[in-house]
Structure formats: C-alpha cells, structure tokens
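Structure first, then comments.
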Amino acid sequence: MILAFLLVNMRFFRNLIEKRTLKSQIWLFVIFSLFVVVANLTGVEISSSKEIVTPLIITGLPQTDSIANTRILVITTASLTAGPYVGMLVGLVGGLHRVIFGGFSDYFYIFSSVLIGYLIGVLGDRVKKNNLYPSTFWVAVLSLLAELIQMIFIFAFHGFGLIKLIFVPMILLNTVGSCLFIEILKTYLSNERQLRAVQTKDVLELANKTLPYFRHGLDSDSAEHVCKIIKKYTKFDAVGLTDRVNVLAHVGAGQDHHIAGEAVITDLSKTVIATGKEKVAHNKSEIGCPHQDCPLTSAIVCPLQVNNKTVGTLKLYFCEEREMTVVEENLVQGLAMIFSGQLAIGITEQQTSLLNEAEIRALQVQINPHFFFNAINTIIALMRVDVNKAHDALMELSTFFRSSLKNGQAKEITLEQEKQHVDAYTGIESLRFPDKFTVNYQISVPENTMLPSFCLQIFVENAIRHAFKGRKTGNTIVVSLAASGDNLEIAVSDNGIGIDSKILKQLGKEQINETKGSGLALYNLNQRLIGLYGTSSELKISTGANGTTFKTKIPLKYGKLSVNQG
C-alpha cells in the first residue's frame with residue numbers, strides 16, 4: 001500500500017504506465033527492481049529451529065535460515081503493471097538478490113522468480129482485454145497463482161515444515177497486497193481521467209459561451225464580455241485579456257489600475273508576449289506589477305496565438321500566494337488554445353470581407369458551423385467513455401480549423417498541407433461514424449506538389465455526406481494523384497449510390513435547390529479551377545450504380561514543404 005501511494009502520487013510514474021514504450025519499460029524495471037530489493041531486505045527471518053526473527057533490515061541470511069517477504073508481491077505487481085518482460089527482469093533481480101544475500105544458497109529462487117514474473121505478465125495481458133489492468137478478481141487469482149508456484153518450489157527444496165509455517169500468511173498477505181496495489185492504481189488513474197473529462201467539459205462549455213464574442217476579432221468590447229464569462233464560471237479572482245501592447249479588458253481584483261485601453265504594465269505579461277510561452281507566478285514579485293497596492297499575488301498567463309504569432313494574452317489571477325493546481329493550469333491552457341482558434345476564425349472572417357475574389361470569399365465560408373457543433377457534441381459525448389479519444393478529437397478539430405484558416409486565402413497549397421486538412425476532417429468524422437468509411441490514397445507525386453486549396457477535402461466531404469446514404473459499413477473513398485506529362489491528374493472516387501441524373505446536370509455548374517445540400521462547395525471549386533487554369537481543368541463527374549468519380553486536370557507545379565517536413 002505504501003508503494004502504491006508513493007508511485008501514484010508521482011506524475012512521472014503515472015506517465016510511464018499509460019504507454020508501454022521502451023523508455024517507460026526501462027524506467028519501470030528500475031523502479032520495481034529497487035522495491036524488490038527492499039522487499040528482500042525487510043522480510044521476516046525464519047531460523048532453522050523455526051524461530052521467527054523480525055529485524056528492521058536483514059543484512060545477511062545464514063544458509064540454514066529462510067525468509068518470508070513480499071518479493072513475489074512486487075514481482076506480481078510489476079508484471080501486471082508493466083508486462084511480462086519487465087516482470088521477468090524484476091524477478092531475475094529479486095531472485096539473484098535473494099540468493100546473494102542468502103549466502104549463495106537456494107538457487108531455485110532465481111528460476112521461480114523469473115518464471116512467476118513472465119507467466120503472470122502473459123496471463124495478465126490476456127485477461128485484462130482492453131483495460132489498463134485486469135479486474136480485481138483476476139488480480140486475486142493471478143496473485144494466488146504466483147504464490148502457489150513459489151510454494152511448490154519451496155516444498156520441493158525445503159519440504160513441508162517450512163510450507164506449513166509460511167503458507168497461510170504469505171498467501172493472504174501477498175494476494176491481498178497485490179489486489180490493494182492494483183486497486184489503488186486503478187482508482188487513482190480513474191479519478192484522474194474523470195478529472196480530465198471535467199476539465200475538458202469546462203473548457204468546451206466556456207468556449208461555447210465565448211465563441212460569439214471572438215467573431216469580430218480581439219477588441220475591448222469582446223474581451224470584456226469574455227472576461228466576465230470566465231470570471232463568473234471559475235474561481236479566479238481576476239481575469240484579463242491583452243493584445244500585444246494594451247490591456248483589452250480586466251475584470252475582478254486590480255481593475256482600478258489594470259485598465260482597458262492602457263499599456264500592459266506587468267512584467268509577467270510582457271515576458272509572455274515576447275516569448276510566446278506560458279508563465280506561472282506564485283507571488284507578487286514574479287507578477288511584476290508596478291502598482292504598490294496591487295492585490296494580485298499569483299497568476300497564470302498564456303499566449304493567444306494565430307498562425308504561430310502571439311497576438312495577445314489570457315491572464316488569470318488569485319489574491320493569495322499559492323501554487324497553481326494541475327486542474328487550473330489545464331483549464332487555462334485549454335481556454336487559451338480554444339480562444340486562439342476562435343480568434344483566428346474572427347480574424348479570418350474580417351480578412352475575408354476584404355477579399356475581391358468571389359471564389360475565395362465563398363471558400364472561406366466552407367468552415368461549416370454544423371460540422372463544428374457536431375464535432376463539439378461528439379467530443380462531449382466521448383468525455384463519458386474515452387478521455388484520450390476526446391483529447392485526440394479536440395486536436396484534430398484544432399488542426400482542421402487551423403489549416404482552414406491558414407490556407408483559406410491561398411489559391412494553391414502543397415499536397416502535404418491539403419492531406420493534413422483531409423486527415424483532420426476524416427479523423428473527426430470517423431469518431432462520429434466509426435467504421436462507416438475508409439479513405440485510401442493512391443499518390444505517385446511528391447508532397448510539395450501544388451493543389452487548389454481544399455479541393456481534396458471538398459471531394460471527400462461530398463462523398464461522406466452524400467454517397468453512402470443508408471450504408472453504415474463497406475464504404476470506400478479513393479484519392480488518386482498522378483503526373484501525366486506537364487499535368488497533374490486528380491481523381492476522387494467512391495463506391496456509393498451514385499448521383500441522380502437530374503442533379504448531375506447542375507452539379508458544379510450552379511447551385512442546386514435541394515434540402516440536403518446546395519452543391520455550393522463543388523460549384524465554387526469548379527469556378528476556381530476554371531479561373532486558375534482555364535476550361536481544360538473544368539470538373540468532370542462520372543456516376544453510376546457502383547459509385548461516383550470526380551476528376552480534374554491542372555498544371556503540374558511544385559512548392560515548398562513546411563518547416564517540420566524539411
């Protein structure tokens with residue numbers, strides 16, 4: 001129990017057990033090896049005359065004596081926590097140490113400990129199914145099995161006399177101890193996941209309430225409304241928003257001198273604006289407010305970023321010197337991320353209104369609010385069942401909108417950028433409709449090949465929304481790109497139900513008066529293709545009972561890959 005409490009309160013250990021990487025396996029081996037040595041040294045010594053000796057630490061063990069300890073408990077929990085290979089290695093360490101400090105006697109402990117570590121790890125992986133740990137019942141069964149294996153070895157080499165003395169207490173102690181250890185880990189991790197779910201839900205609820213105020217950009221009016229909402233629904237004593245130079249709004253303690261429209265005065269905020277990195281202050285000096293009577297004594301400040309550039313800060317304060325909890329830090333980080341995305345949407349909408357090209361303006365409004373809210377609802381639903389999937393969905397949503405906003409005003413983008421956008425979109429849709437469709441890429445051109453922005457995403461979205469009505473499985477979308485002389489041939493096919501002949505004549509040439517879709521995205525795309533490359537690139541559509549194919553041909557050009565791709 002002490003071991004369990006020590007480990008679950010270490011963030012480092014909790015991170016190790018969630019993913020079985022080579023690095024985490026090595027660290028878990030080191031940690032459990034230390035504890036298995038401690039288990040040997042803190043056992044109960046049993047002399048040849050069956051006298052019980054309980055020294056604080058056993059420094060040496062005569063060859064005629066035995067020891068009852070929790071070595072098997074540590075090996076069992078290592079196997080159930082980190083798998084058979086870590087369990088086997090921990091068993092090897094525990095067995096070797098037992099033999100060495102026992103005067104190089106009873107070599108069978110090495111073999112028995114290794115066998116137990118490997119066997120319990122393999123069986124544990126089989127019975128836990130998709131869970132991180134087996135159920136309490138299986139932990140008890142496997143712990144009992146581990147001790148029974150050890151008892152068989154002891155009986156074979158020491159006879160029934162020692163078994164009679166230690167059988168009941170060691171079986172009970174190690175079985176109950178293993179169950180308690182795993183149960184403490186499961187309970188702590190379950191509570192942590194529930195806490196993450198609550199945090200994400202809080203972030204999404206606040207994001208939903210503040211979304212309308214960011215549509216017109218970051219100004220004093222929208223900032224004040226946002227700060228009031230955050231202040232109302234959190235326990236912070238003050239909330240502030242700034243741009244790169246001035247305070248846009250400050251609600252709560254200190255608002256008499258942190259005044260909207262005036263320059264940012266705290267050193268903490270200036271540092272965040274300059275570096276673009278989150279900062280936490282635990283006292284007044286770290287905040288660096290020049291006002292002598294400022295009541296603010298601890299804070300967390302996060303940058304608001306659009307296109308990787310810091311455009312302002314989100315600041316949350318307390319009127320007491322204190323450490324920020326993980327809950328508070330995660331809340332502020334999540335809000336800053338969402339606000340950055342919302343702000344980017346607002347800035348892009350302002351810029352869109354200034355564009356002269358009708359096709360680009362129409363393209364910008366393809367960021368479908370229904371898609372956004374459907375995605376948000378999906379993420380909220382995932383909170384109840386799988387927090388990690390909800391986190392991944394939120395990242396996909398962020399990637400989708402970021403690429404929408406970053407590339408929306410570009411006439412052409414690289415295949416790399418377009419594919420990232422498509423993958424983010426299909427990733428979110430796959431969470432909404434598991435196993436409904438698959439997207440296969442057949443690409444024979446490099447990733448720096450230039451494409452009209454969002455063309456592949458429009459084709460794929462059209463297939464997902466319209467091609468597979470009434471079919472929940474077996475749906476396939478094939479995206480093909482190939483060079484043909486000086487041209488790039490693009491084709492996106494599906495095995496759907498086909499397109500009605502009446503709609504087919506209008507599709508891509510004009511808007512369609514249909515309740516289930518207007519065809520505006522395909523119309524805008526077709527007009528852009530013609531405008532950019534001429535009528536030779538006009539969209540061509542073929543359809544039938546076996547599905548639909550959209551084709552176009554554009555000049556073959558190459559651009560620059562993003563920095564992270566070299």
Side-chain angles (χ1 to χ4, degrees), residues 357-364 366 403-404 407-423 425-426 438-467 476-496 498-501 503-512 517-561:
E357 299 171 291
E359 68 273 21
I360 297 295
R361 186 185 305 113
L363 179 63
Q364 289 297 93
Q366 290 305 311
S403 62
S404 296
N407 303 324
Q409 296 181 33
K411 295 180 180 180
E412 294 177 314
I413 59 176
T414 64
L415 171 60
E416 172 206 13
Q417 293 169 314
E418 179 69 9
K419 191 171 180 296
Q420 287 176 350
H421 188 68
V422 172
D423 290 343
Y425 175 80
T426 55
T438 58
V439 178
N440 298 326
Y441 291 97
Q442 297 178 356
I443 298 173
S444 58
V445 294
E447 288 196 329
N448 63 336
T449 303
M450 300 301 291
L451 304 174
S453 54
F454 303 153
C455 68
L456 298 183
Q457 189 266 328
I458 290 172
F459 290 142
V460 171
E461 179 181 358
N462 184 75
I464 293 173
R465 293 179 62 188
H466 303 294
T476 303
I477 302 169
V478 180
V479 179
S480 303
L481 288 92
S484 177
D486 295 331
N487 293 318
L488 173 67
E489 293 184 347
I490 303 171
V492 178
S493 306
D494 63 69
N495 63 343
I499 302 174
D500 187 276
S501 58
I503 298 176
L504 184 61
K505 296 177 181 179
Q506 301 171 279
L507 198 61
K509 297 179 174 64
E510 60 186 82
Q511 285 190 238
I512 303 169
S518 65
L520 177 61
L522 289 171
Y523 171 77
N524 288 338
L525 176 58
N526 196 32
Q527 294 304 305
R528 285 196 296 125
L529 289 169
I530 295 171
L532 287 171
Y533 313 114
T535 54
S536 62
S537 295
E538 185 176 1
L539 193 60
K540 293 178 174 56
I541 308 171
S542 59
T543 188
N546 295 323
T548 301
T549 299
F550 292 85
K551 290 184 178 180
T552 185
K553 179 176 64 177
I554 65 174
L556 185 60
K557 294 190 294 184
Y558 302 100
K560 293 182 179 181
L561 290 174

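Quick note: residue numbers are just sequence positions, from 1.
Annotation: cation-pi pair K540/F550 absent, no NZ/CZ under 6.0 Å from the ring centroid and within 45° of its normal.
At a threshold of 4.5 Å between non-hydrogen side-chain atoms, the residues L507 and I499 count as touching.
Judged purely by atom type and a 3.5 angstrom limit, D494 has no side-chain atom pairing as donor or acceptor with the backbone of G547. Not one N or O on the side chain of Q420 forms a donor-acceptor pair closer than 3.5 Å with the backbone of Q417.
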Criterion side-chain contact (heavy atoms from CB on, under 4.5 Å) on T414 and E418, from CA distance to verdict = CA-CA 6 Å; T414 64; E418 179 69 9; over 6 Å; no

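The distance from atom OH of Y425 to atom CD1 of I458, rounded to the nearest 0.5 Å, is 11.0 Å. Atom NE2 of residue H421 and atom CG of residue L451 lie 12.5 Å apart, to the nearest 0.5 angstrom. The CD atom of E447 lies 6.0 Å from the CG atom of L415; values are rounded to the nearest 0.5 Å. With rounding to the nearest 0.5 angstrom, the CD1 atom of I413 is 7.5 Å from the CE atom of M450.
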Result block: side-chain N/O donor-acceptor pairs under 3.5 angstrom for residues 477-489, not counting sequence neighbours:
{"unit_1": "S480", "atom_1": "OG", "unit_2": "Q442", "atom_2": "OE1", "d": "3.4"}

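In this view, K557 and E412 satisfy the salt bridge (Lys or Arg N to Asp or Glu O under 4.0 Å) rule, not counting sequence neighbours. For S537, there are no side chain to side chain donor-acceptor pair (under 3.5 Å) partners, not counting sequence neighbours.
With a 6.0 Å radius and a threshold of 12 heavy atoms from other residues, nucleotides or ligands, D500 has its CG atom above the threshold.
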